[in-house]
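Reading through the structure tokens given below for one structure.
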Protein chains: 2
Amino acid sequence: MRQNPERRTALIDAAIEVLADQGARGLTFRAVDTQAGVPIGTASNYFANRDALLTQAGQRVFQRLDPGAEVVGEALALPRTRASVERLMHEMVGRITAFRSGFLAMLELRLEATRRPELAKVLTDQIRANLQENIDFHLQSGMPGDAETVVMLYLALNWLIVERLTLPEVFGDERTKELVTAAVNQIVPPR
Amino acid sequence: MRQNPERRTALIDAAIEVLADQGARGLTFRAVDTQAGVPIGTASNYFANRDALLTQAGQRVFQRLDPGAEVVGEALALPRTRASVERLMHEMVGRITAFRSGFLAMLELRLEATRRPELAKVLTDQIRANLQENIDFHLQSGMPGDAETVVMLYLALNWLIVERLTLPEVFGDERTKELVTAAVNQIVPPR
DNA sequence: AACTTACCACTACACATGAAGTGGTGTCAA
DNA sequence: TTGACACCACTTCATGTGTAGTGGTAAGTT
């Protein structure tokens, strides 16, 4: 169990790529080593077993998905209108879609959580916290819409991203943007 | 490449279970044989390769997810109100959630489609057709809401099911029902 | 300055698992 | 008898884990 924190992080990031590329079953120490460009055996020296790798990858995805402080700052400076909500949602969808491997890895982890109670627990906590943060932020920002609104947007936009990342031909690029807008318009109540 | 159609179907259904249980990488001929309770080598005799198994499993899920004619008939007999839409949505979520392995298998297939263009093509066609059917049915039924409404419900409810099937603790049983209702109320416009 | 200690990168290996594919045998029915 | 299929055995191959071991380096010690 080695210490070097940068290397450790690099390995976890490599694990995320492997998850997205090859699925949960493809996540082996060797695959991580190869992806990270380090000698075989390295990941094995850094993580006790696959479970550790899995759960740490799960936590790391959330860490990397967190919008920076600037984004949050900018958001709070926006006028409290539906148009702002729309803009924020476009930003969010764009940000998550851009971290393709992260989202796909998270889906793989969810599926894997089906077979690993421990992983399920970790992910559940993260998702709950994340959703609550979004709700709190939204309410605090004074934007139109209540907690239920946030949950609905969470549901609709998540599947939109699934569609976008797994079967991009179902909705094209343009249609995706339209749907983000449509979701906001339909779900956020008029003032 | 054997013919016996019942056995073939039984193998494909077994493949769906394997997909849900063990993931796409776990889908091997042997695993299918074991799941189906047939001798090792059987699946290998029925399918040329894993690709064939994968794509046929993908098609089969949709086939099994199709609501029966009675459900459709009943639906058309319902009054054209929001309450009816709600009822239909509850029915749909219930039906899909009940076919747990089918939905999970489909998610696995989506992820696998990321790496297999051929599979992606098959799934894209199926999803498109399925969504279009839903839209047509809805419009034809005279229920409140337009095509966009159907798409929004499709998006929101799909992720709700993901949540339900992969991390059931995030939203409990009760909360899930509430959210179906909330989705319909927020997305289907008042008359 | 030489020595020691601890950590770490890297290598190598022993052991285990699991799968594909093929070829062959038995069985039943036309 | 011939053909189609169920079933089984065996060979071959690929991949991964865990761990032990080697050598290098840097920091602190005497």
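So that the names make sense, note that chain A is the first sequence line, chain B the second, and so on, each numbered from 1.
- With 3.5 Å as the limit, one finds a donor-acceptor pair spanning the side chains of A/Asp146 and A/Thr149.
- A cation-pi contact, defined as under 6.0 Å to the ring centre and within 45° of the axis, links A/Arg8 to A/Phe47.
- Rounded to whole Å, the distance from CG on B/Asp33 to P on D/dC8 is 11 Å.
- At a non-hydrogen distance threshold of 4.0 Å, nothing from residues 9-17 of chain A comes into contact with DNA chain C.
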Each nucleotide of nucleotides 11-28 of chain C classed B (base within 4.0 Å of a protein heavy atom), S (only sugar-phosphate) or -, in 5' to 3' order, makes B-------SBB-------

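- The number of heavy-atom neighbours closer than 6.0 Å to CZ of B/Arg60, taken from other residues, nucleotides and ligands shown, is above 12.
- Other residues, nucleotides and ligands contribute only 12 or fewer heavy atoms inside 6.0 Å of the CD atom of A/Glu118.
- Side-chain nitrogen and oxygen atoms of A/Arg7 include none within less than 4.0 Å of the OP1 or OP2 phosphate oxygen of C/dC8.
- Under 3.5 Å, the side chains of A/Asp136 and A/Gln132 contain a donor-acceptor pair of N or O atoms.
- Under the 3.5 Å distance criterion, with hydrogens and angles disregarded, no donor-acceptor pair is assigned to the side chains of A/Glu169 and B/Thr124.
- Pairs engaging residues 41-55 of chain A under the side chain to side chain donor-acceptor pair (under 3.5 Å) rule: A/Asp51-A/Arg116 [sequence neighbours left out].
- Residue A/Phe47 is out of contact with every strand shown, counting any heavy-atom pair closer than 4.0 Å.
- Here the CG atom belonging to B/Asn158 is positioned 11.5 Å from the CG atom belonging to A/Leu160, to the nearest 0.5 angstrom.
- A sub-4.0 Å separation between OP1 or OP2 of C/dC8 and a side-chain N or O of A/Tyr46 is absent.
- In this entry the distance linking CG of A/Leu53 with P of D/dG16 reads 13 Å, nearest Å.
- Atom CG of A/Asn4 is separated from atom P of C/dC10 by 11 Å (rounded to the nearest Å).
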